[in-house]
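Heads up, the thing below is written out as structure tokens.
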Amino acid sequence: MLVYASGVDMSSAALRFLAARLREHRRALGTRWRRLNAGRQALLTLAHLCNGQPYAQLAAGFGIGTTTAYRYITEAVNLLAALAPTLTEAVRAASTKAYVILDGTLLPIDRIAADRPLHSGKHKKHGMNVQVIADPQKRLIWASPALAGAVHDVRAAREHGIIEALAEAGIACWADKGYRGAGGTVRLPYRGRWDSLSTGQQAVNRSHAKIRALVEQAIATLKSWRLLRKLRCSTTRITSLVLAVLALQLAASG
């Protein structure tokens with residue numbers, strides 16, 4: 001295999017954050033020596049998450065075995081996932097905002113047509129449903145664990161307890177028509193054909209659409225990590241990857 005130098009397009013803040021967490025983790029374990037130091041292990045993990053490169057290529061570039069690369073990346077991802085905020089913590093942070101925006105996104109996965117529970121009828125492809133909460137400044141507040149792509153947004157929001165948590169905290173939430181019937185503090189656009197809506201309802205829907213558009217930036221931030229654009233791993237690992245990216249994103253923006 002040919003090896004060449006490459007780069008990772010992200011700030012050094014994420015690297016420093018992850019390296020520090022790995023050093024703390026190694027001290028807690030009493031680890032004395034490894035093939036890669038904490039900084040190199042952090043860089044290996046970021047290269048995998050940010051560029052989506054497979055383990056074999058990364059292993060060759062870092063001069064380690066493929067199994068070692070997998071073990072190092074899995075360890076770092078699990079460590080980051082444990083640092084991601086819970087829904088309770090996210091709602092506490094959201095309570096300081098004027099409102100939040102809720103939306104769902106599909107993370108595409110590599111699956112055959114027979115995997116019906118993973119197929120999204122809305123997006124016409126296989127994937128995993130992830131719910132995202134953003135603030136009025138387009139910043140990511142929280143991302144949910146991944147559910148099968150066949151799960152509709154409103155059902156996913158209920159299963160995660162998002163609607164109930166926001167309602168109990170009295171936080172206004174804007175969402176699209178996919179959350180019809182959600183209730184609580186979720187605000188939806190008026191339903192019906194555009195020409196059947198009154199002038200006032202059309203104005204409300206235009207305003208509503210402008211507000212909801214803000215969440216697209218937060219989703220784009222999540223999907224700027226190339227690994228999440230086309231996942232080829234086991235679906236049982238996707239939640240850890242999403243939460244790891246969330247933890248890194250919040251650390252870098254903080």
Side-chain angles (χ1 to χ4, degrees), residues 49 52 77-78 81-82 84-91 94 100-134 140-169 171-189 191 208-209 211-247 249:
L49 294 174
V77 165
N78 291 340
T86 64
L87 178 59
T88 300
E89 293 169 338
V91 169
V100 297
I101 312 106
L102 172 65
D103 200 3
T105 186
L106 188 80
L107 300 181
I109 59 174
D110 186 13
R111 286 294 182 276
I112 61 175
D115 293 325
R116 297 303 301 172
L118 303 176
H119 186 268
S120 169
K122 175 182 176 181
H123 297 276
K124 310 300 182 186
K125 63 177 68 173
H126 292 81
M128 301 295 284
N129 181 301
V130 173
Q131 298 293 299
V132 172
I133 297 176
L140 187 65
I141 296 178
W142 184 74
S144 76
L147 295 177
V151 177
H152 295 289
D153 283 339
V154 67
R155 177 184 162 192
R158 285 178 177 144
E159 287 194 20
H160 293 308
I162 300 170
I163 298 170
E164 182 180 352
L166 293 175
E168 288 181 356
I171 300 172
C173 173
W174 267 254
D176 62 23
K177 295 178 182 179
Y179 296 88
R180 183 71 57 187
T185 55
V186 177
R187 301 183 181 181
L188 305 173
R191 189 177 185 178
H208 195 282
I211 293 174
R212 283 194 303 103
L214 301 176
V215 76
E216 296 301 328
Q217 180 63 47
I219 292 176
T221 298
L222 193 66
K223 290 189 174 181
S224 66
W225 301 75
R226 293 181 186 172
L227 185 69
L228 299 184
R229 297 180 192 173
K230 185 67 173 182
L231 290 153
R232 294 178 172 82
C233 62
S234 168
T235 55
T236 60
R237 296 191 58 238
I238 294 176
T239 289
S240 295
L241 292 170
V242 170
L243 296 182
V245 167
L246 173 64
Q249 196 64 48

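Model, not experiment: these values are computed from the prediction.
- With hydrogens and angles ignored, the 3.5 Å screen pairs a side-chain donor or acceptor of N129 with a backbone N or O of V151.
- No side-chain donor-acceptor contact under 3.5 Å links R158 to the backbone of I163.
- Side chain of S144 to backbone of Q131: a donor-acceptor contact under 3.5 angstrom is found.
- With sequence neighbours excluded, no residue forms a salt bridge (Lys or Arg N to Asp or Glu O under 4.0 Å) with R191.
- In this structure, the side chain of T105 does not engage the main chain of I219 through any donor-acceptor pair within 3.5 Å.
- With sequence neighbours excluded, no residue satisfies salt bridge (Lys or Arg N to Asp or Glu O under 4.0 Å) with E164.
- With a 4.5 Å cut-off on side-chain heavy atoms, H126 and L106 do not count as touching.
- The side-chain hydrogen bond (donor to acceptor under 3.5 Å, both in side chains) search around D103 returns none, not counting sequence neighbours.
- The shortest distance between side-chain heavy atoms of W142 and V132 does not fall below 4.5 Å.
- Other residues, nucleotides and ligands place more than 12 heavy atoms under 6.0 Å from the NE2 atom of H208.
- A donor-acceptor pair under 3.5 Å is absent between the side-chain atoms of E216 and the main chain of A213, judged by distance alone.
- Under a cut-off of 6.0 angstrom, the local environment of CZ in R237 is crowded, with over 12 non-hydrogen atoms contributed by other residues, nucleotides or ligands.
- Using a 4.5 Å heavy-atom cutoff, the side chains of V215 and L102 are not in contact.
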